[in-house]
Amino acid sequence: REKVARITTGSKNLDRLLGGGVESSAVTEFYGEFGTGKTQICSTLAVTVQLPPESGGLSAGAIYIDTEGTFRPERISEIADHRGLDPTHVLENILVARAYNSAHQELIIRELGDYLRDGKYKLVILDSAVAHYRAEYAGRGTLAERQQRLNLLMHQLLRLAESYNIAAVITNQVMATPDMFFGDPTRPAGGHVVAHTVTYRVYLRKSGKNRIARMIDSPYHPETEVVFMVDEHGVYD
Ligand code: ATP
Ligand code: MG
């Protein structure tokens, strides 16, 4: 069995919170309100995974599943340029899959193994995991089917992460006020479908220009809260 590897987030503080960076063979969820930096973290990781190991990367590419149409190649270029990498080369090593609805998202995940086999990609990003389901099931009486589909999806993702020793990162937008799906955002209630399958859960919030990350419910991480920043160069501190 291959050794667990880690990818730097671009922030030393956030890396420390995660125990050294985003971990392979695991699913890491970043959740929080709009604008808390979830997509910025994903964009930065799609670049930093390409760094050599001595710089916090895995010298590998990323698969970026974009469900909201918020992937921006020009942001990737800026982040890469800022870290001394060739933007064109970095973009070539990111396989972008736009998922247009939940069924399409599930199809992409099902076929992911074909792309992970040769070891070219060591990071899979799913930004956002839940948005399509939230939209498609809005206003429906029963959430059982939605939960079942999301659970299956998360299990498939975790199995892929473990089988290929890659890192999986998912995002999840939650509301500041309790909503029907998620309840209190900091306290994953019964409605939080992905909580049980996800290995690490990080709650993000804004504090002025800063971002605060909190590790939720992990007995292995001594530090509970850290501060980091996001700007046009991606994540840093
Ligand atoms: P959502 O839930 O809506 O998808 P998110 O958590 O993905 O939100 P991001 O898009 O990652 O949020 O973060 C947006 C924030 O990142 C902005 O509010 C801003 O503070 C910062 N940001 C993004 N791009 C830039 C940029 N080019 N220059 C400066 N700051 C930026
Ligand atoms: Mg986003």
Side-chain angles (χ1 to χ4, degrees), residues 7-11 13-15 17-18 22 27-49 62-83 85 87 90-91 94 96-102 105 108 123-136 138 150 168-186 188 192-194 198 200-216 225-237:
I7 307 162
T8 182
T9 59
S11 155
N13 287 342
L14 191 51
D15 285 354
L17 185 81
L18 291 161
V22 169
V27 178
T28 302
E29 175 185 357
F30 291 98
Y31 72 107
E33 278 183 71
F34 71 95
T36 46
K38 300 181 294 293
T39 298
Q40 297 302 313
I41 291 172
C42 293
S43 305
T44 305
L45 285 167
V47 174
T48 55
V49 69
I63 296 178
Y64 200 116
I65 306 166
D66 176 21
T67 75
E68 297 180 298
T70 53
F71 177 81
R72 295 279 176 276
E74 58 274 23
R75 299 279 309 112
I76 299 290
S77 296
E78 279 182 297
I79 295 167
D81 200 38
H82 188 67
R83 285 164 172 78
L85 295 170
V90 165
L91 277 167
I94 302 173
V96 183
R98 175 83 164 91
Y100 291 98
N101 53 50
S102 64
Q105 183 175 324
I108 291 168
L123 170 67
V124 170
I125 291 160
L126 178 54
D127 182 27
S128 124
V130 181
H132 282 315
Y133 296 87
R134 190 197 288 266
E136 290 167 28
L150 257 170
V169 169
I170 68 169
T171 70
N172 190 349
Q173 194 199 74
V174 295
M175 309 300 165
T177 50
D179 78 320
M180 65 179 286
F181 289 154
F182 297 103
D184 178 350
T186 63
H192 210 302
V193 287
V194 297
V198 167
Y200 304 115
R201 309 189 67 233
V202 179
Y203 176 62
L204 304 174
R205 66 179 201 274
K206 284 183 266 196
S207 175
K209 283 184 72 179
N210 293 334
R211 296 292 183 278
I212 296 165
R214 191 202 309 182
M215 181 65 77
I216 303 292
E225 272 196 358
V226 297
V227 177
F228 68 98
M229 317 269 271
V230 282
D231 71 4
E232 68 269 27
H233 303 307
V235 174
Y236 67 101
D237 55 16

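Numbering starts at 1 and runs along the sequence shown. First listed ligand is number 1; within each ligand, the first listed atom is number 1.
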**4.5 Å side-chain heavy-atom contact, Arg72 and Ile76** = no
**Validation row: Val96, Ile94 side chains within 4.5 angstrom (heavy atoms)** = yes
**Request:** Answer yes or no: is there a donor N or O on one side and an acceptor on the other, between the side chain of Thr171 and the main chain of Phe30, under 3.5 Å?
**Result:** no
**Message:** Keeping Thr67 on the side-chain end and Ser128 on the backbone end, is there a donor-acceptor pair under 3.5 Å?
**Reply:** yes
**Request:** Would you mind running through ligand 1 and noting each atom that sits below 4.0 Å from a heavy atom of Thr39?
**Result:** 4 (O), 5 (P), 7 (O), 10 (O), 11 (O)
**Message:** Given 3.5 Å as the limit, does a donor-acceptor pair link the side chain of Lys38 with the main chain of Asn172, or not?
**Reply:** no
**Item:** Any Gly32 heavy atom less than 4.0 Å to ligand 1
**Value:** no
**Request:** May I ask you to establish whether Arg98 and Phe71 are in a cation-pi arrangement, using a distance under 6.0 Å from NZ or CZ to the six-membered ring centre and at most 45° from the ring axis?
**Result:** no
**Item:** atom 21 (C) of ligand 1 [closest protein heavy-atom partner, distance rounded to 0.1 Å]
**Value:** Val230 CG2, 3.9 Å
**Item:** Candidate with minimal heavy-atom separation from atom 17 (C) of ligand 1, of Gln40, Arg211, Glu232
**Value:** Arg211
**Asked** Side chain of Gln105, backbone of Ala129: donor and acceptor closer than 3.5 Å?
**Response** yes
**Asked** For the residue pair His82 and His233, does the interplanar ring angle fall in the parallel (under 30°), tilted (30 to 60°) or perpendicular (over 60°) class?
**Response** parallel
**atom 30 (N) of ligand 1 - nearest protein heavy atom and its distance** = Asp231 CA, 3.5 Å
**Message:** For Thr70, state whether at least one heavy atom is located under 4.0 Å from any atom of ligand 1.
**Reply:** no
**Prompt:** Near Gln173, which atoms of ligand 1 are under 4.0 Å from a heavy atom of that residue?
**Reply:** 1 (P), 2 (O), 3 (O)
**Request:** Could you please give the number of protein N/O/S atoms within less than 2.8 Å of the Mg ion (ligand 2)?
**Result:** 1
**Prompt:** Does the pair Glu78/Arg83 count as a salt bridge with the N-to-O cut at 4.0 Å?
**Reply:** no
**Complete:** the protein heavy atom lying closest to atom 2 (O) of ligand 1 turns out to be Lys38 NZ, 2.7 Å
**Request:** Examine distances only and state if a side-chain atom of Thr44 and a backbone atom of Val235 form a donor-acceptor pair shorter than 3.5 Å.
**Result:** yes
**Request:** May I ask you to identify the nearest protein heavy atom to atom 8 (O) of ligand 1, giving residue, atom name and distance to one decimal place in Å?
**Result:** Gly35 N, 2.8 Å
**Prompt:** When you measure from the side chain of Ser207 to the backbone N and O of Asn210, does any donor-acceptor pair fall under 3.5 Å?
**Reply:** no
**Complete:** Note: ligand 1 atoms sitting under 4.0 Å from heavy atoms of Gly37 are 5 (P), 6 (O), 9 (P), 11 (O), 12 (O), 13 (O)
